[in-house]
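One structure is given below, encoded as structure tokens.
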Amino acid sequence: MNLIVFPVILYLLSAFLIALIWKEDEKLSGIACLSFSILVFISVILLGKYVFLNERIIYFVGNWQIPIGITLMVDALSYIFLVVVNFVLPVICWFSNSYMRKYTKPGYFYILFSLISAGLNGILISMDFFNIYVFLEISSIASYILVAFGLRTEELEASLKYTMIGFIGSTLILIGIGLILGKTGTLNISDFMSAILNINKIQLLFILGLFISGFALKTALFPFHFWLPDAHSLAPSPVSAILSGLFIKVTGFYMLVRIITNIFIIFPESKIIIMALGLISMIFGSLMAIDQIDIKRTYAYSSISQIGYCALALGIGGYYGYLGAILHFIYHSFSKSLLFLNSGAIEYRYKTTKIEELKGLSDKMPYTTATGSIGMLSISGIPPFGCFWSKIIIIIAAIKSFYYGIAFICVIVSVITLGYFLKLKRNIFDSKGEGEKFEEVNFNLLMPMVILSILIFFGGLILLPEVKIYLDKAVGVMQNFSYIQIGER
Amino acid sequence: MVTNIFFHVFLLSMMVIGSMVAVFSRKLISSLVSLGTVGMLISIYFLILGAPDIAITQLVVEVLALIILLCAITGRDVTADMTSSKVYVFLFIFIFVISILTFISYSNFIFPEFGNTNMRVGKEYLYLATEKLKSANAVTAIVLDFRGYDTIGEATVIFTAIIGVMVLLRKKGKKDE
Amino acid sequence: MNKGMSEIVKTISKIVVPFIIIFGISVIFYGHLTPGGGFPGGVIISASFVLLLLAYGREKVLSKLSLYKSDILHDIGAIMFLSVSLIGFAGGVFFLNIFNKGKLFSLWSGGNLLFSNIAIGLKVGTSLFLGITLLSMARIIHKENKIEFYEKEEDIK
Amino acid sequence: MIVYIFIAFMFFIGIYGMMAKKNIIKMIIGMNIIGYAVNLFFIVLGYKSGGIQPILVPGMDIKEFVERAVNPLPQALVLTSIVIDLSIICFLAALSIRIYEKYGTFDLEKIRRLKG
């Protein structure tokens, strides 16, 4: 049962030990960070037995009961997020072991990498408002620093803009927590839920509004998305893989799921707000992604539109809506991280990510082209690959709850996504341009991409009955779990 | 402790004036100094509100923040031009008016009444700190034992910031530059 | 190369700094009895180092507490605080306070409060000093307007 | 009620300083003021009129201490959020030094190399 705290402690320990001992040595710090992240993945797998045995684990830090101490809780939904996050992190760490040689002092990169992962895992397992805020702050500050890791002029300015907007988001969340503390006096979510009954609805609406705007700002939904293209496209590739693959999903989407489906249940109309925001950001992201000149900016805009997909699926609700949201989160994390690692491999050889300077990669870099095209086809929803299944389920959910217009828009947006990804694929991979060609990247850069593409290729297997049980449990959590049930027992 | 409301209002109005000077003054040094006065006033107000160790921390942290910002300013341009971008000003006035209206109309719903705080968990913390933990200072007991998991996150935040300063102030970002 | 402030400031700070450090240490050690604790004490100690830094200039202070030493201390403080919480695993739960609690107003009264206070004080004290010295080292040489550090190798070690 | 209005004024002055000003240092000062206003808001939430500090003085009886003491929970949170604001300002000072080295000025108008 103590395994629940291991994801956070092991990453913190790895950050402090790398800072103490291996900071100057490039190779050793990379290997240490990789071994710690693999250890965390193993401990998360071992945790699974408990989670699915007795429905959820509740862990009192320091043996203090509900309202006094901090309680940690992992149920089916947060367990799926934990598994996906802690599978992609070692893969990215393996990729950055050889990619970060281009930067000076990569030891600091591994420290910040383990701090971001500690923050993400800390958010996923905690059940206490202020605890979520503190771990949100750790991962946000570590991501502000990592965006500016290359110390070039654009990266510094993108990091400045990202810090300002991230600070506003965190302050909104902190004011919401302050209001909760003021009115109910407790910080524990289940204690807050049991104290919720004697608060008037206007107070709750105000707190819900603050939380939704704060977390929507962190997940770059439509009105607050303008920081994302600069931050994600200028950061080093493994960092933008973490940011748009995992960071905006855990700090933004996971918290929105918790707040809308598990905490503020008495406001079902908040789902409509999220659906509207998701719809607009879906359309806006794909339209903006069409005429980009840089590979990573296209990927950044496409991740805005895919986050819109997840928010839309969350807003539609019902069994299929929630299932589509979780599946789209899983597949989009895999394929978007794959795409950013792919652009990193291209940049590793060609020193540029401008589309017109990259011609005819397929003849000299066959594996990079193969994995890159698998990622692109999967996000645009081609049948055998991953995101096709989640998009189909989201469209079914829209049709089942009679939103025919939304289902139609989903189809159009996935067609637009297919459009700009095919354009990208044709220009970079298949075109027969001249110019000097570089040979394939070495093994260390290639294997992470191959692993992710294999996972996407066999994406359909997740819908087999025996694997689907875990997904149904997570959907069940989203449908009828409320934190108040923990307080009763 | 001082109970009449006059003292609270006097300190708060001083703070608001100080922060106005800090934002609107032309020379950066004078705005930094007025920032220092705002921090000092807040530290005194914390004492009145019955939070002595927060007052100590606020006082010294505010001095260090002042020194950090002075390090950023010395040897660089010291005056800031006063023109502010028009678009943001209108956006700000719009947000300001909307939120003040909602604030005044719903304020007794949203904010708890000033004098009495909701001691739902606070009372148990006071009782447990003195009885179970035998520690006289309830705030330190909360920070380090009841909610010690937060303080680990807290220590990591300082650790991240210092690593950030080390990362940002190294000589060269990329090797091939 | 700044040689610190005027003679008056140097003599006064030479007198005052020991008292500030003692006050900071007392705030750390009696954190669970009197107002204060890990954070305020640590910040006071780093403020006293920064006062020395401003009064005497960087070379004298760095000769006593070089950046390398404060970097090591800063990591050791962090690991100490994490290990204080890991000791709780011996008692079965993550952050358990397994030491005996002692009498109400004695120094050893709060179980592991005292050790956490010391660890946090050490960490905050050295890390803020490290941050501020690094920030104050970034000077601009107006020749080619590039950041020119005084970070010569021996300065660091 | 009046206290909350003053805190709201400080908060909006900080937001104005952060949004409308074009100088990076002015933005950092605005963020600092926002941090002060939110910390003050937390402590004001925990104030009990006529309450004493939550630290037991040797001569006092525990029952009476528990009755009269101020709420200690917001103070524990403010200890954390004060240090979070300090670390954000420390990071931003280093970033502004770096930006000054590249652009030669703190003024954001000349820094607008990124479009949109």
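Every chain is numbered from 1, with letters handed out A, B, ... down the list of sequences.
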So do the side chains of [X] and [Y] get within less than 4.5 Å of each other, counting heavy atoms only?
X	Y	result
B:Ile158	C:His74	no
C:Thr34	B:Asp53	no
C:Tyr30	B:Asn137	no
B:Met166	C:Leu130	yes
C:Phe39	B:Val61	no
C:Leu33	B:Thr140	no

Partner chain B: residue of C:Leu82, C:Ile44, C:Asn117 with the largest heavy-atom pair count (under 4.5 Å): C:Asn117
Side chain, backbone, both or neither: which part of [X] has a non-hydrogen atom closer than 4.5 Å to chain B?
X	value
C:Ser85	side chain
C:Val50	side chain
C:Asp71	side chain
C:Ile120	side chain

For atom [atom1] of [X], is the number of surrounding heavy atoms from other residues, nucleotides or ligands below 6.0 Å larger than 12?
X	atom1	answer
B:Met14	CE	yes
C:Phe115	CZ	yes
B:Lys132	NZ	no
B:Met40	CE	no

Reported NZ-to-CD1 distance for the pair C:Lys123 and B:Ile162, which is rounded to 0.5 angstrom: 7.5 Å
Value rounded to 0.5 Å, distance of CD1 in B:Ile67 from OG in C:Ser136: 10.0 Å
Result of checking C:Val43, C:Ile20, C:Ile45, C:Val27 against B:Val60 for side-chain contact (heavy atoms from CB on, under 4.5 Å): C:Val43
Can you name the closest pair of heavy atoms from [X] and [Y] and give their distance?
X	Y	value
B:Cys71	C:Leu135	CB-CB, 4.1 Å
B:Val165	C:Gly131	CG1-O, 4.2 Å
B:Leu169	C:Leu134	CD1-O, 3.6 Å
C:Pro40	B:Ile56	CB-CG2, 4.0 Å
C:Ser46	B:Leu64	OG-CD1, 3.5 Å

Atom group of B:Glu131 that falls short of 4.5 Å from chain C, counting heavy atoms: neither
Side chain / backbone / both / neither for B:Val143 at chain C, heavy atoms under 4.5 Å: side chain
Worked verdict on C:Phe81 versus B:Thr156 for side chain to side chain contact (heavy atoms under 4.5 Å, CB included): CA-CA 10 Å; C:Phe81 186 59; B:Thr156 337; over 6 Å; no
